[in-house]
Amino acid sequence: MSDPILILPYTDEWAKEFHSIGSRLREALGDNALRIDHIGSTSITGLAAKPVIDIQLSVASFTPLEAFKGPLECLDFIYRANNPDKSKRYFREAPGHRRVHIHVRQAGSWAEQLALLFRDFLRCHPDYCRRYEQVKYEFAEKYINNRQLYTNSKEAIIWEILKQANQWSQLTGWSPSRSDS
């Protein structure tokens, strides 16, 4: 049995933790990281979330892997070579460290832009945040010990939000703001 799914009320500490980690990432990666962004639910003020800091690193290319793998490993992040999502390279915290997921994506890719659009839309639409939050609480309670079912069950609301985010992006001419770090 995995750790139970825990959704916590928003805390400003998540932004502070991201900025601390983001600064270390920027120092270690330099220009190899075109962007370093706080993504996921902990990046959205007021939104309850699992206490996991998700960070997206945007790189020009996945090759050479060592351009970002070595610096991330020096910061105690572990490369997950068996990650099935081929649109990113994935790193996690070392055992015993604060829970952090690092998603390395190619700059300009659909996957990179999608994560930023989802975040930016929710930051501007508290009504969708509340709906998303309700669904997260509901499924966390229902699937407390099954992360895969929890994640899969959220797909409908995520795609609903993304559909609205797409329309919003076209109406506003959205493009990502400056990198967070």
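As a basis for the values below, the full set of heavy atoms in this structure was taken, side chains included, without hydrogen atoms, waters or symmetry mates.
Contacts of Thr172 classified as side chain to side chain contact (heavy atoms under 4.5 Å, CB included), with partners at least two apart in sequence or in another chain: Trp168, Trp174. With sequence neighbours excluded, the residues forming a side chain to side chain contact (heavy atoms under 4.5 Å, CB included) with Gln170 are Asn166, listed by chain and number. Partners of Arg92 by salt bridge (charged side-chain N to carboxylate O under 4.0 Å, His left out), not counting sequence neighbours: none found. In this structure, the side chain to side chain contact (heavy atoms under 4.5 Å, CB included) partners of Leu149, at least two apart in sequence or on a different chain, are Tyr143, Asn146. Taking Glu133 as the reference, Arg130 meet the side chain to side chain donor-acceptor pair (under 3.5 Å) condition, with sequence neighbours excluded. Considering only residues two or more places apart in sequence or on other chains, Gln164 meets the side chain to side chain contact (heavy atoms under 4.5 Å, CB included) condition with Phe121, Tyr128, Gln167.
Of all non-hydrogen atoms in Tyr10 and Gly46, the two that sit nearest each other are CG-N, 3.2 Å. In plain terms, the two heavy atoms of Leu34 and Asp31 that are nearest each other are CD2-O, 3.8 Å. The two residues Leu117 and Ser169 come nearest to each other via the heavy atoms CD1-CB, 3.9 Å.
The main-chain N or O of Glu112 is found under 3.5 Å from a side-chain atom of Gln56 such that the two form a donor-acceptor pair. At distances below 3.5 Å, not a single donor-acceptor pair connects side-chain atoms of Asn32 with backbone N or O atoms of Phe68. Side chain of Glu141 to main chain of Tyr137: no donor-acceptor pair is present (N/O by atom type, distance under 3.5 Å, no hydrogens or angles). Checking side-chain atoms of Ser179 against main-chain N and O of Ser181 turns up a donor-acceptor pair under 3.5 Å.
With contacts defined as side-chain heavy-atom distances shorter than 4.5 Å, the pair Arg99/Pro51 does not qualify. With contacts defined as side-chain heavy-atom distances shorter than 4.5 Å, the pair Phe91/Leu75 does not qualify. For the pair Val59/Arg105, no side-chain contact is recorded, criterion being any heavy-atom separation below 4.5 Å from C-beta on.
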Distance-only criterion, 3.5 Å: show the donor-acceptor pairs between side-chain atoms of residues 77-85 and protein atoms not counting sequence neighbours.
from	atom 1	to	atom 2	distance (Å)
Asn83	ND2	Asp85	O	3.0
Asp85	OD1	Ser87	N	2.9
Asp85	OD1	Ser87	OG	2.6
Asp85	OD2	Ser87	OG	3.4

For residues 37-45, tabulate all N or O donor-acceptor pairs below 3.5 Å that involve a side-chain atom, not counting sequence neighbours.
from	atom 1	to	atom 2	distance (Å)
Asp37	OD1	Arg35	NH2	3.0
Asp37	OD1	Asp180	N	3.2
Asp37	OD2	Arg35	NE	2.8
Asp37	OD2	Arg35	NH2	3.4
His38	NE2	Thr42	OG1	2.9
Ser41	OG	Lys136	NZ	2.7
Thr42	OG1	Val52	O	3.3
Ser43	OG	Gly40	O	2.6

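Residues Phe62 and Trp110 do not share a hydrophobic cluster, clusters being chains of Ile/Leu/Val/Met/Phe/Trp/Tyr side chains in contact below 4.5 Å. No continuous path of hydrophobic side-chain contacts links Leu6 to Phe139 [ILVMFWY only; heavy atoms under 4.5 Å]. Hydrophobic clustering, with ILVMFWY side chains joined whenever heavy atoms are under 4.5 angstrom apart, keeps Ile5 apart from Ile53. Both Phe18 and Leu29 are assigned to one and the same hydrophobic cluster, defined by single-linkage of ILVMFWY side chains at heavy-atom distances under 4.5 Å. A single hydrophobic cluster is not seen to contain both Leu116 and Ile36; linkage of ILVMFWY side chains at heavy-atom distances under 4.5 Å, directly or through other members, places them apart.
Residue pairs meeting the salt bridge (Lys or Arg N to Asp or Glu O under 4.0 Å) criterion with at least one member in residues 14-30, sequence neighbours excluded, are Glu13-Lys16, Glu17-Arg98. Among pairs with a residue in residues 54-71, those fulfilling salt bridge (Lys or Arg N to Asp or Glu O under 4.0 Å) read Lys69-Glu73, at least two apart in sequence or across chains. Residue pairs meeting the ring pair (Phe, Tyr, Trp, His ring centres under 6.0 Å) criterion with at least one partner in residues 146-165, sequence neighbours excluded, do not occur; the list is empty.
Note that the OG atom of Ser109 and the NZ atom of Lys88 stand 11.5 Å from one another [nearest 0.5 Å]. Remark: Gln106 CD to Ser61 OG distance equals 5.5 Å, nearest 0.5 Å. Here Thr151 contributes atom OG1 and Arg147 contributes atom CZ; the two are 8.0 Å apart, rounded to the nearest 0.5 Å. Here the straight-line distance linking atom CD1 of Ile161 with atom CZ of Phe118 works out to 4.5 Å at 0.5 Å rounding. Atom-to-atom distance recorded for Ile21:CD1 and Ile102:CD1 is 7.5 Å, nearest 0.5 angstrom. Note that CZ of Arg123 and OG of Ser177 are 7.0 Å apart. Values are rounded to the nearest 0.5 Å.
With a 4.5 Å cut-off between side-chain heavy atoms of Ile, Leu, Val, Met, Phe, Trp and Tyr, the cluster of Leu171 takes in none.
Below 30°, between 30° and 60°, or above 60°: for His101 and Tyr90 the angle between ring planes is above 60°, a perpendicular geometry.
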Next on the checklist: I'd like to know whether Leu8 forms a side chain to side chain contact (heavy atoms under 4.5 Å, CB included) with Lys50, so could you lay out the CA-CA distance, the side-chain angles of the two residues, the decisive distance to 0.1 Å, and finally the verdict.
Outcome noted: CA-CA 6 Å; Leu8 299 177; Lys50 294 190 312 287; over 6 Å; no
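Residue-environment remark: CG (Asp127) exceeds the threshold of 12 foreign heavy atoms within 6.0 Å.
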